[in-house]
Protein chains: 2
Amino acid sequence: MAANLNIDKLDLQIIQHLMQDANISYADLGKKLFVSPGTVHVRIKKLQDNGIVNGTRLHVDLKKLGYDVIAFIGIYLEKSSLYDTVAKELRKIPEIVRMNYTTGNYSIFAELVCKDIAQLRSVLHDQMQKVKGIERTETFISLEESLNRSVQVTVEE
Amino acid sequence: MAANLNIDKLDLQIIQHLMQDANISYADLGKKLFVSPGTVHVRIKKLQDNGIVNGTRLHVDLKKLGYDVIAFIGIYLEKSSLYDTVAKELRKIPEIVRMNYTTGNYSIFAELVCKDIAQLRSVLHDQMQKVKGIERTETFISLEESLNRSVQVTVEE
DNA sequence: ATTGAAAGAGTCTCAGT
DNA sequence: ACTGAGACTCTTTCAAT
């Protein structure tokens with residue numbers, strides 16, 4: 001794992017650009033990095049074959065689509081060995097978009113996206129309540145998302 | 001805000017597909033949804049003009065790039081009115097990729113991505129320690145990310 | 001609003017360096 | 001390993017419905 005084999009500065013620069021805008025053409029990206037479009041193509045193909053890049057995803061303004069509520073849920077389990085079975089059940093709830101098994105207070109840290117508070121309430125009370133193994137939960141509703149960016153993989157010079 | 005004007009089922013289906021794979025061609029997407037490539041194009045253009053879709057982003061396997069540590073930080077502020085100034089300072093730390101102003105225990109909920117535990121320690125002790133207005137922090141290190149997906153914007157039938 | 005076809009732009013391959 | 005040019009595919013426009 002992690003084996004950073006053969007990833008040079010050009011690869012990282014390509015990744016850095018495409019993480020912000022994957023729609024830029026190989027020609028334009030090549031101009032910025034002083035290489036030919038063919039070279040950009042070869043590098044991206046290598047990164048795809050490596051599994052380092054996994055395709056591209058549309059970036060959507062969820063508020064404009066009516067999804068106004070982002071919430072984080074800290075989940076306490078009755079026993080931490082229940083992690084796998086609880087995670088499997090929670091995965092079935094479509095509003096849950098992310099789950100991490102974490103150190104610290106909570107066993108599972110989840111993020112969910114809902115249209116409104118009523119839907120959030122329904123997920124918490126109707127759906128999560130039914131999952132066996134959850135002791136209790138703590139909910140943090142996001143009032144404002146002040147930052148959401150990609151990691152910086154290149155070094156400044 | 002949110003004004004869902006003129007977003008129909010086809011728009012949502014297009015968004016749903018492109019959130020998973022933004023590289024599919026308009027032709028192939030049109031085939032799946034039983035419309036022409038031209039129609040797909042017109043709809044996507046409308047969604048871009050609306051600001052509902054904001055371009056595409058490369059999806060990267062951070063572990064393979066050597067970023068092994070994802071951590072969540074709950075931040076207590078001395079006064080919650082300090083939110084803006086603290087957020088502005090934290091934004092300068094490149095390892096911090098996300099910040100939300102939340103209800104509940106913490107004032108700010110941040111996510112950060114590091115190469116290793118040593119780097120995490122350095123961010124927590126050297127960089128965040130210097131920011132005025134932070135009372136204390138709680139760190140949750142992700143041992144496993146068991147889910148990371150897009151919201152579901154279409155209804156099953 | 002959707003279509004089909006034509007024009008324009010981008011991706012991908014490959015022989016040469 | 002990079003390049004440039006050609007072949008191919010996709011995006012984009014537009015007149016017609």
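Numbered from 1 within each chain, the chains take letters A, B, ... in sequence-line order.
- Regarding B/Ile24, its CD1 atom lies at a distance of 15 Å from the C1' atom of D/dT9, rounded to whole Å.
- The backbone N or O of A/Ala118 lies less than 3.5 Å from a partner atom in the side chain of A/Asp116, making a donor-acceptor pair.
- One interatomic measurement links the two molecules: CD1 of A/Ile44 to P of C/dG10, which rounds to 14 Å at whole-angstrom precision.
- Ring geometry for A/Tyr106 versus A/Phe140: interplanar angle over 60°, hence perpendicular rather than tilted (30 to 60°).
- Counting non-hydrogen atoms under 4.0 angstrom, B/Val35 reaches the backbone sugars and phosphates but no base.
- Along DNA chain C, the nucleotide nearest to A/Val42 and the one nearest to A/Asp28 differ in position, and the one closer to the 5' end is contacted by A/Asp28.
- Summarising the geometry, the separation between NZ on A/Lys45 and P on C/dC12 is reported as 9 Å, rounded to the nearest angstrom.
- To the nearest angstrom, P of D/dT3 lies 10 Å from CZ of A/Arg43.
- Regarding A/Lys31, its NZ atom lies at a distance of 19 Å from the P atom of D/dC2, rounded to whole Å.
- Distance, A/Asp8 CG to D/dA1 P: 9 Å, rounded to whole Å.
- Put simply, B/Thr39 has a side-chain N or O that comes within less than 4.0 Å of OP1 or OP2 on C/dT3.
- When the side chains of ILVMFWY residues are joined at heavy-atom separations under 4.5 Å, either directly or via intervening members, A/Leu147 and A/Val151 end up in two distinct hydrophobic clusters.
- To the nearest angstrom, P of D/dT9 lies 16 Å from OH of A/Tyr26.
- Here NE2 of B/His59 is found 11.5 Å from CD of B/Gln20. Values are rounded to the nearest 0.5 Å.
- One atom, NE2 of A/His41, and another, P of D/dA5, lie 18 Å apart when rounded to the nearest Å.
- When heavy atoms are screened at a 4.0 angstrom cut-off, B/Ser25 is found touching the sugar-phosphate backbone but no base atom.
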